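Chain identifiers are assigned alphabetically (A, B, ...) following the order of the sequence lines, protein sequences preceding nucleic acid strands; residue numbering begins at 1 within each chain. Computed from a prediction, not measured in an experiment: that's the story for all the values here. All values below come from the heavy atoms of this structure, side chains included, with hydrogens, waters and symmetry mates left out.
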Amino acid sequence: MLPTRTKLDQQLTADERLLDVKDVKTHFFTDEGVVKAVDGVSLSLKRGQTLCVVGESGCGKSVAARSILRIVPPPGRIVSGAIQFRQRDGHVIDLTAMNPRGRDIRRIRGGEISMIFQEPMSSLSPVHTVGSQIMEAILLHLPVTKREARKRAVSLLDMVGIPRPGELIDAYSFELSGGMRQRAMIAIALACEPQLLIADEPTTALDVTTQANILDLIRDLQRESGMAVLFITHDLGVVAEIADDVVVMYLGRDVESGTVDAIFHDPKHPYTRALLQSIPRYDSRDSRSAAHDKRRLYSIKGTVPHPFDRPTGCPFHPRCEDFIAGTCDSIDPQRFSASRDHSVRCLLYAETDEDGRAKDSSS
Amino acid sequence: MIWYILRRIVYLVPTLLVVSIIAFVVIQLPPGDFLASLISKAEETIDQAQVDALRERYGLDEPIHVQYWKWISGIITRGDFGDSFEWNRPVSDLIWERLTLTMVISLLTLAFVWILSIPIGIYSAVKKYTIGDYLVTVIGFIGLAVPNFLLALVLMYIAFRYFGQSVGGLFSPEYIEAEWSLERVLDLLSHLWLPVVILGTAGTAALIRVMRANLLDELSKLYVDAARARGLSELRLLFKYPVRVALNPLVSALAWVFPALVSGSAITSIVLNLQTTGPLLYRSLQSQDMYLAGSLILLVSILTIIGTLVSDILLAWIDPRIQLQ
């Protein structure tokens, strides 16, 4: 299963990729049936780059992110695919081949790849101080004494913009505001200077002003440290602001991926186009006339299907405006490349690019 | 913290006062008094003059607040709980040894319950919906459902039939009236396991369920994922975060577990013929032996209050979210 290291090295050095997720499938084996939360996702991330994963609630964004760190909760399990990660020492490893409870993956977690979560309210322990949790991360991965770890924790808190860090290091999470807690979480995540930060909707639970502060903070820290960021969100405004590349997910798979310019200015997939159309605008000509006409805001018809009831063919076809009867509901689309670094999983583009089909087949 | 404890101790005084009044009033509530129940049980008729003499001697014809004052002032100033009518002995003579034994049994039972139920509860939660979990759950429910007195009878039979132990009571016959000695202590220990297991079974079963439910709640919290995501090993993670938080409700349960063990074990104690406070309280209530009953109720209440205090202090100590103001 696992390709040899030299082969992997060659594959990855080509474009200095840090992370290469290849057709990962993570399924949940429940009593009621198999939930295919992630059903074939590919994405790749270069050093220092920001990749945004967007999609509706329940499309598998979070599970995909957790799959990378191998912290998918049971009964979930990665059933196929590969997650290649270039370690700091240059070696490329396949994270899916690791024991999720083993020492190897634990060295990666927090040391090379860190994660921050959606709800800062509950991602800190209610009965431990903020400082003890930062120091825990430091002591797990760096060869330092407790005293040094504490010093480092204070400077981390200072770095993420927490006032009076020397005092607040001994604060409990309930003594901090939501924004402060997320800053503390970021401090924990950055404690060991990871190469990759996975941010799972880190601003969703925060108010708008705090959101902007946290985004600025992540961007500044990224610029200083050169780490890559995998940013999961459903907020296209955030995507436009921070992303280099974008992956659009629908029902557990990447339906379109490309640079932020390609996705916003030349969206190919009907789902991506529908998503972009459903953003309320106040600056464009459309919306001014919309205000006049009192036109309703565009929304995608239908709802996300029940996980046990996945449509055949292209999973988006029941909601698609460009649905081709007899084709879309029977053929599962491959990835077709629309241009360099821009691929789309939609049968509308099947004929237009034979090359892409050959180069980038998904299954 | 010290101020918190001191303040709580100061608050104890009015609470205890109210509790003592209630205890005294409650035992006066049933119609009649000790003499009435004595007369009703007596074989030959007691003439009225004799009854009046007794009534005056015991102060039963005085108003209730005067009786209460006599009783409580005796306790506070002299440690004198009054005399038991039925036993014709000072109440304090009757209860101290029984109270000590009750405390010993209760504390041992509590330790037994915790030592057994916490690890099993953790196992059951971590391995939820596995065969092990189902097994533990079934055994737990059986333990909950079987009445203590029935378990007492069965275990007594087993202890007697297969281990040849003298059953019932806390001492072998030759040690019952003996002075305290090493042999007597060892004899006590060899008898103690039976009541401890019997009294602890239901509590263990209940606490396994509580621990399992608490821990399951905590295991799905995001802070567990966050700790895992920073590279903590599963075992250290489990004990440092979710188990630690899941124990808090158990500590607050201490307050009600303790008095329940002291007073709730009456039937088991009668079946096992234990020299504890339960059977004594039961008898004294039947015969309206008011100073004895009142003193026992008062002491159980005091234990409850102290149990609450101890659990509150422990909780304030282990859970930083509790404000000390």
Structural part of [X] lying under 4.5 Å from a heavy atom of chain B:
| X | value |
| --- | --- |
| A/Met121 | neither |
| A/Leu124 | backbone |
| A/Ile108 | neither |
| A/Pro126 | both |

Interchain donor-acceptor contacts below 3.5 Å (chain B, chain A):
residue  : atom : partner  : partner atom : Å
B/Tyr223 : N    : A/Ser122 : O            : 2.9
B/Asp225 : OD2  : A/Arg66  : NH1          : 3.0
B/Asp225 : OD2  : A/Arg66  : NH2          : 3.1
B/Ala229 : O    : A/Gly110 : N            : 3.2
B/Arg230 : O    : A/His141 : NE2          : 2.9
B/Arg230 : NH1  : A/Glu136 : OE1          : 2.5
B/Lys240 : O    : A/His128 : NE2          : 3.4
B/Lys240 : NZ   : A/Glu136 : OE2          : 2.6
B/Tyr241 : OH   : A/Glu136 : OE1          : 3.0
B/Tyr241 : OH   : A/Glu136 : OE2          : 3.0

Within the supplied structure, the quantity of interest is the number of heavy atoms (other residues, nucleotides, ligands) at a distance under 6.0 Å from B/Tyr11 OH; does it exceed 12?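 No.
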Within a radius of less than 6.0 Å around CD1 of B/Ile131, do more than 12 heavy atoms belonging to other residues, nucleotides or ligands occur?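 No.
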B/Thr102 (side chain) donor-acceptor with B/Arg98 (main chain) under 3.5 angstrom: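 At least one qualifying donor-acceptor pair exists.
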Out of curiosity, [X] [atom1] to [Y] [atom2], how far, rounded to the nearest 0.5 Å?
| X | Y | atom1 | atom2 | result |
| --- | --- | --- | --- | --- |
| A/Leu19 | A/Leu43 | CG | CG | 6.5 Å |
| B/Ile22 | B/Leu17 | CD1 | CG | 10.0 Å |
| B/Leu150 | B/Ile198 | CG | CD1 | 10.0 Å |

How far apart are the closest heavy atoms of A/Leu168 and A/Val130, and which atoms are they?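 Taking A/Leu168 first and A/Val130 second, the nearest heavy atoms are O-CB, 4.3 Å.
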Quick one: closest heavy-atom pair of A/Pro120 and A/Leu206, and the distance?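 That closest heavy-atom pairing would be CG-CD2, 3.9 Å.
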For each of B/Ala226, B/Ala229, B/Pro242, tally heavy-atom pairs with chain A at distances under 4.5 Å, and name the one with the top tally.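 Option with the greatest count: B/Ala229.
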Heavy-atom side-chain proximity of B/Leu274 to B/Leu101 below 4.5 angstrom: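 When only atoms from C-beta onward are counted, B/Leu101 and B/Leu274 do not touch, as no gap falls below 4.5 Å.
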Measuring heavy-atom distances to chain A, does B/Leu219 have an atom under 4.5 Å in its side chain, in its backbone, in both, or in neither?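 Contact with chain A: none, neither part.
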